[in-house]
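Indexing begins at 1, ligand by ligand and atom by atom, following the structure's order. Source: prediction; values computed, not measured.
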Amino acid sequence: VPAVVWLRQDLRLTDNTALHAACQAHRNVTLVFTATPQQWEQHAMSASQQALILCQLRALNIAAAALGITLHIQSCSTYTDAADWLAQWCRQHKTPAVYANNQYGLNEQRRDLRFAAILPDTCRFYTFDDSVLLPPGGVSTQQGGIYKVFTPFRRAFLNILMQTTVRVLPAPKAQGAPVTPADTGLTAQEHPLFPSGEDTALQRLADFCQRDAADYREQRDFPALSGTSQLSAYLATGIISVRQCLSTLRLNFPMVADEPESGGYTWLSELIWREFYIHQLALNPDLSRHRPMQRWTESIIWSPDSDALTAWQQGKTGFPIVDAAMRQLNETGWMHNRLRMITASFLVKDLLIDWRRGEHYFMSRLVDGEFAANNGGWQWAASTGHDSVPYFRIFNPVTQGKRFDPDGSFIRRWLPELAAVPVKYIHTPHEWADKNQYALNYPHPMVDHSMARIRAIEAYETARHTA
Ligand code: FAD
């Protein structure tokens with residue numbers, strides 16, 4: 001009887017810890033994926049990420065069948081249903097063991113606890129830390145606590161990483177003659193930016209490490225350039241692993257951890273940010289409950305203005321860099337990191353809207369939506385995290401635009417209504433339009449940034465003193 005590998009955010013055959021372990025111990029394995037549309041909706045998973053998952057399952061189904069491995073896709077509604085259904089399936093099929101890779105959100109942890117509790121005694125449940133380079137809890141302070149600040153976390157992380165052998169595990173060997181791929185009935189459309197397939201993702205990783213990683217440090221902040229890897233949706237769904245990222249990086253930069261000035265090191269740091277937030281999520285269940293790390297920020301009185309929220313969501317704030325970024329998000333499901341920081345800061349500080357509303361909107365649109373990174377990024381921008389931008393240091397959206405899109409080429413790509421505006425005024429188009437009596441089909445800035453800045457600082461200070 002085959003063992004079961006319960007797939008989740010690890011939709012790949014190569015370097016899949018649970019799958020590899022199952023194949024070491026059993027002659028036959030079956031892959032099982034439980035789709036949980038109601039749970040995904042509760043978690044605000046975007047339609048584009050759902051489609052990427054389905055496309056990848058379609059690809060996996062074919063790749064696994066060639067190895068004689070079947071993939072069973074079951075639609076359940078919630079995690080509870082998924083755990084119940086799989087336990088029942090294991091009982092029925094007398095499954096000897098289930099292998100799965102850990103997920104670290106609270107609901108995911110609860111699902112696995114429930115599953116372990118209702119599984120028949122004859123079936124073992126093995127779980128693995130797979131989506132991380134080091135297991136959560138494995139990087140602790142000298143007092144045994146968790147690091148709350150990134151830089152010392154990175155230092156400790158790198159120390160341990162240097163003493164750890166990071167191995168990329170092979171795909172399973174064929175377990176028999178190829179089988180005919182089951183008809184999955186999946187009809188999802190491929191995402192233009194993130195086509196499915198492990199090979200596609202690995203090729204992008206190899207190209208980035210060979211070609212772009214060396215300049216990553218200089219280029220990564222400029223959204224008009226394609227200076228970043230655009231691997232996020234592959235990492236979020238597990239089409240590639242973080243170990244594959246590290247090992248490909250090391251192939252090109254063998255001494256990467258010792259070269260803090262290099263592009264490779266800067267990119268490695270981003271992978272460690274990813275790890276930092278996942279560790280925080282795993283060890284602090286309050287994050288899954290959307291509670292701020294800095295408790296005093298719960299007393300901030302947020303603006304209930306839903307028209308302002310809509311203007312931000314639709315990219316109609318009158319601040320070109322913010323609007324171009326939001327349109328990139330709405331149209332492609334991806335947004336450049338610098339722009340995530342600028343738009344998040346704008347929503348929270350300029351509009352004084354609760355960061356959780358932005359966190360939710362991002363999740364509902366991002367193809368790479370990932371709870372830990374998204375929550376971490378929002379808490380950073382909202383100054384509610386432990387290692388966040390200080391609440392009194394507030395991004396000026398015009399200055400940010402001038403700095404990171406100096407000639408406005410990113411803005412022009414997304415805001416064709418500003419085509420006539422000269423470079424000098426691309427960040428303040430109404431200044432030019434007023435001077436030239438030009439009727440711009442583009443909103444005026446919805447807030448006065450310097451007043452909004454004062455309002456935000458006051459709201460934070462009031463909360464700090466009352467909490
Ligand atoms: P690269 O610059 O090439 O980085 C490589 C990988 O490192 C990324 O694919 C990602 O997995 C990881 N990474 C990079 N930066 C960060 C970071 N700051 N925090 C955590 N991981 C990072 N990233 C997500 O994957 N999913 C999200 O839902 C998400 N939401 C965010 C929300 C906000 C408000 C902010 C400020 C950042 C968010 N990020 C999120 C982090 C970051 O913006 C994206 O990972 C990055 O833009 C993805 O593009 P890339 O693959 O080209 O990244």
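Annotation for R167: atom CZ does not count as buried by contact number, only 12 or fewer foreign heavy atoms lying within 6.0 Å. Within 6.0 Å of atom CD in Q42, more than 12 heavy atoms from other residues, nucleotides or ligands are found, so the atom counts as buried in its surroundings. Counting non-hydrogen atoms of neighbouring residues, nucleotides and ligands closer than 6.0 angstrom, the CE atom of M451 reaches no more than 12 such neighbours. The neighbour count for R393 CZ, taken as heavy atoms of other residues, nucleotides or ligands under 6.0 Å away, does not exceed 12.
Applying the 4.0 Å criterion to heavy atoms of L235 picks out, from ligand 1, the atoms 9 (O), 11 (O). Set against the non-hydrogen atoms of G369, the atoms of ligand 1 under 4.0 Å away are 28 (O). Atoms of ligand 1 found under 4.0 Å from any heavy atom of L231, numbered from 1 in the order shown, are 9 (O), 51 (O). If you number the atoms of ligand 1 from 1 as listed, the ones under 4.0 Å from a heavy atom of M335 come out as 47 (O). When each atom of ligand 1 is checked for a heavy atom of W334 under 4.0 Å away, the hits are 48 (C), 49 (O), 52 (O).
A ring pair (Phe, Tyr, Trp, His ring centres under 6.0 Å) with W378 holds for exactly one of F362, W355, Y361; it is F362. The side-chain hydrogen bond (donor to acceptor under 3.5 Å, both in side chains) test with N101 singles out one residue from D129, T127, N16, and that residue is N16. Each of F128, Y79, F115 was checked for a ring pair (Phe, Tyr, Trp, His ring centres under 6.0 Å) with W6, and the lone residue meeting it is F115. Evaluated for a ring pair (Phe, Tyr, Trp, His ring centres under 6.0 Å) with W267, the options F208, F253, W273 yield exactly one hit, F208.
Counting heavy atoms closer than 4.0 Å to ligand 1, residue W380 contributes nothing at all. Here L366 has side-chain heavy atoms under 4.0 Å from ligand 1, and that is the only part of it that gets that close. Under 4.0 Å from ligand 1, the heavy atoms of Y277 that appear belong solely to its side chain. Proximity of F276 to ligand 1, defined as any heavy-atom pair under 4.0 Å, is not found for any part of the residue.
Among protein heavy atoms, the minimum distance from atom 3 (O) of ligand 1 is reached at S229 OG, 2.6 Å. Atom 23 (N) of ligand 1 has its closest protein heavy atom at A373 CB, 3.5 Å. Ranking the protein heavy atoms by distance from atom 26 (N) of ligand 1 puts D368 O, 2.9 Å first.
Here the shortest heavy-atom distance to atom 48 (C) of ligand 1, taken over A236, S232, S226, belongs to S232. Counting heavy atoms only, R340 comes closest to atom 39 (N) of ligand 1 of the residues R340, R204, Q379, E359.
Contact annotation: A381 has no heavy atom less than 4.0 Å from any atom of ligand 1. Note on ligand 1: W267 sits in its first shell, one or more heavy atoms being nearer than 4.0 Å. Within the structure, the closest approach of R220 to ligand 1 does not fall below 4.0 Å when heavy atoms are considered.
Polar contact with ligand 1: present for N374 (N/O pair, distance under 3.5 Å). Residue W273 has no nitrogen or oxygen atom sitting less than 3.5 Å from a nitrogen or oxygen atom of ligand 1, judged on distance alone. Considering backbone and side-chain atoms together, Q230 places an N or O closer than 3.5 Å to an N or O of ligand 1. The N/O atoms of W378, backbone and side chain alike, include none that comes under 3.5 Å of an N/O atom in ligand 1.
Under the side chain to side chain donor-acceptor pair (under 3.5 Å) criterion, R464 pairs with Y391, sequence neighbours left out. Q74 is linked by a side chain to side chain donor-acceptor pair (under 3.5 Å) to H72, counting only residues two or more places apart in sequence or in another chain.
Centroid-to-centroid, the aromatic rings of F395 and F346 stay 6.0 Å apart or farther.
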Worksheet item: Given R412 and D407, is the salt bridge (charged side-chain N to carboxylate O under 4.0 Å, His left out) satisfied, shown in steps?
Response: CA-CA 9 Å; R412 285 182 204 285; D407 64 359; over 6 Å; no
